[in-house]
2 protein chains.
Amino acid sequence: MSYSISAVAEATGLSTHTLRYYERAGLMLTPVERGSSTHREYSEADIAWVIFLTRLRSTSMPIARVREYVELVRAGAATTPDRLELLARHRITVQAQLEEMTQALEAIDYKIALYQKEVAK
Amino acid sequence: MSYSISAVAEATGLSTHTLRYYERAGLMLTPVERGSSTHREYSEADIAWVIFLTRLRSTSMPIARVREYVELVRAGAATTPDRLELLARHRITVQAQLEEMTQALEAIDYKIALYQKEVAK
DNA sequence: CTAGAACTTAGAGCGCGCTCGAAGTCAAGC
DNA sequence: GCTTGACTTCGAGCGCGCTCTAAGTTCTAG
């Protein structure tokens with residue numbers, strides 16, 4: 001079973017523009033298949049990868065670093081330790097972001113509480 | 001007691017460039033005082049505001065929306081309900097970001113675990 | 001008093017990550 | 001077979017948020 005680019009766009013929340021851009025940018029594990037036509041045919045595995053990709057992006061991994069990671073994957077099993085390290089490093093930044101965001105949420109909630117008290121008067 | 005721009009930069013982690021940029025962009029509650037010279041003299045309140053500002057920014061509130069908020073604050077107590085709504089709306093996006101990031105962390109941890117198993121072999 | 005570091009303004013420049021446009025090709029339904 | 005809308009490539013354009021530059025002024029230490 002394969003999926004059109006618009007189906008994948010719908011499924012992932014990315015635009016078709018962005019999907020093509022990611023492919024051009026070398027972020028796919030392999031170029032997407034074309035079947036008999038010139039149209040892209042995404043496999044389930046492609047979609048799973050795009051979704052993981054968006055996880056990396058949503059935690060602000062720069063596209064260049066995603067590409068590094070992709071290149072390691074393409075280079076085969078020997079790069080597992082490098083991939084591990086890349087992800088472990090990224091994990092640290094995600095943790096930091098989570099903490100920053102939690103702090104920010106507290107600050108916002110504090111102000112909200114003040115304003116609610118004020119409005120309730 | 002007042003603080004030089006470089007002291008504030010140090011305290012907040014922003015660059016002096018960024019601090020001036022924020023002021024120009026209308027993100028300060030009032031323009032920073034100049035005392036007897038042309039140099040900025042930040043008050044404690046200014047610093048507290050800059051820090052809150054960075055909380056909004058670190059949760060991806062666009063500068064234009066921060067400015068809206070600032071303008072409401074400047075407009076006085078009558079705008080409290082509007083400020084409340086603005087922050088409440090923003091809170092929703094912060095929650096969403098937190099959830100997205102938590103999901104991403106899980107995905108990353110899953111891969112890390114796989115790689116660790118692989119490496120341990 | 002002087003040297004040098006820190007500050008000033010205003011505008012230009014930049015990096016990132018898309019996003020769009022143009023011009024053309026292809027596929028599905030009538 | 002034809003129309004209509006989705007697809008193709010590839011380069012240009014854009015919005016955001018800084019970041020830097022230049023040229024000049026001011027503060028501080030010796």
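So you know, we letter chains A, B, ... as the sequences are listed, proteins then strands, and number each from 1. Keep in mind the model is a prediction, meaning the values are calculated, not measured.
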**Item:** Any donor-acceptor N/O pair, B:Ser15 side chain to B:Thr18 backbone, under 3.5 Å
**Value:** yes
**Prompt:** If you measure from CD1 on A:Ile112 to CG on B:Leu84, what distance do you get to the nearest 0.5 Å?
**Reply:** 6.5 Å
**Neighbour count above 12 (heavy atom, 6.0 Å) for A:Gln95 CD** = yes
**Request:** State, without any angle test, whether B:Asp46 and B:Ser43 hold a side-chain donor-acceptor pair at a distance under 3.5 Å.
**Result:** yes
**Asked** side-chain hydrogen bond (donor to acceptor under 3.5 Å, both in side chains): which pairs involve residues 65-76 of chain B, sequence neighbours left out?
**Response** A:Tyr115-B:Tyr69
What does the list of N/O pairs under 3.5 Å between the protein and nucleotides 23-30 of chain C look like, with a distance for each?
residue, atom, partner, partner atom, Å
C:dA27, OP1, A:Ser37, OG, 3.3

**Message:** At a heavy-atom distance below 4.0 Å, what parts of residues 12-24 of chain B sit against DNA chain D?
**Reply:** B:His17, B:Thr18, B:Tyr21, B:Tyr22
**Item:** Residues that A:Asp109 engages under salt bridge (charged side-chain N to carboxylate O under 4.0 Å, His left out), provided they are two or more places apart
**Value:** B:Arg91
**Item:** Any residue meeting salt bridge (charged side-chain N to carboxylate O under 4.0 Å, His left out) with A:Glu118, in chain and number order, not counting sequence neighbours
**Value:** A:Lys121
**Message:** Under the salt bridge (Lys or Arg N to Asp or Glu O under 4.0 Å) definition, can you give me all pairs with a residue in residues 22-36 of chain A, not counting sequence neighbours?
**Reply:** A:Glu23-A:Arg34, A:Glu23-A:Arg40
**Request:** Linking directly or through intermediates, with side-chain heavy atoms under 4.5 Å: list the remaining ILVMFWY members grouped with B:Tyr110, chain and number order.
**Result:** B:Leu114
**Request:** Round to a whole Å and report the spacing from CD1 of A:Ile5 to P of D:dT9.
**Result:** 8 Å
**Separation of atom CD in B:Glu41 from atom P in C:dA6, rounded to whole Å** = 18 Å
**Request:** Using whole Å, report how far CZ of A:Arg40 lies from P of D:dA6.
**Result:** 17 Å
**Request:** Under 4.0 Å from any atom of DNA chain D, heavy atoms only: list the residues of residues 60-71 of chain B that qualify, in numerical order.
**Result:** B:Pro62, B:Ile63
**Fill in**
Joining Ile, Leu, Val, Met, Phe, Trp and Tyr whenever any side-chain heavy atoms lie under 4.5 Å apart, the cluster holding B:Ile92 also takes in none
Just list the side-chain donor-acceptor pairs under 3.5 Å for residues 50-63 of chain B, sequence neighbours left out, or say none.
residue, atom, partner, partner atom, Å
B:Thr54, OG1, B:Ile51, O, 2.5
B:Arg55, NH1, A:Gln103, OE1, 2.9
B:Arg55, NH2, A:Gln103, OE1, 3.2
B:Arg57, NH1, B:Met61, O, 2.6
B:Ser58, OG, B:Thr54, O, 3.3
B:Ser58, OG, B:Arg55, O, 3.1
B:Thr59, OG1, B:Arg55, O, 2.9
B:Thr59, OG1, B:Leu56, O, 2.8
B:Thr59, OG1, B:His90, NE2, 2.8

**Message:** Going by salt bridge (Lys or Arg N to Asp or Glu O under 4.0 Å), name the pairs with one or both residues in residues 97-107 of chain A, residues two or more places apart or in two chains.
**Reply:** none
**Request:** Determine yes or no for a side-chain-to-main-chain donor-acceptor pair under 3.5 angstrom, with B:Thr79 supplying the side chain and B:Leu72 the backbone.
**Result:** yes
**Fill in**
So, with a heavy-atom separation below 4.0 Å from DNA chain C, the residues of residues 47-57 of chain B are none
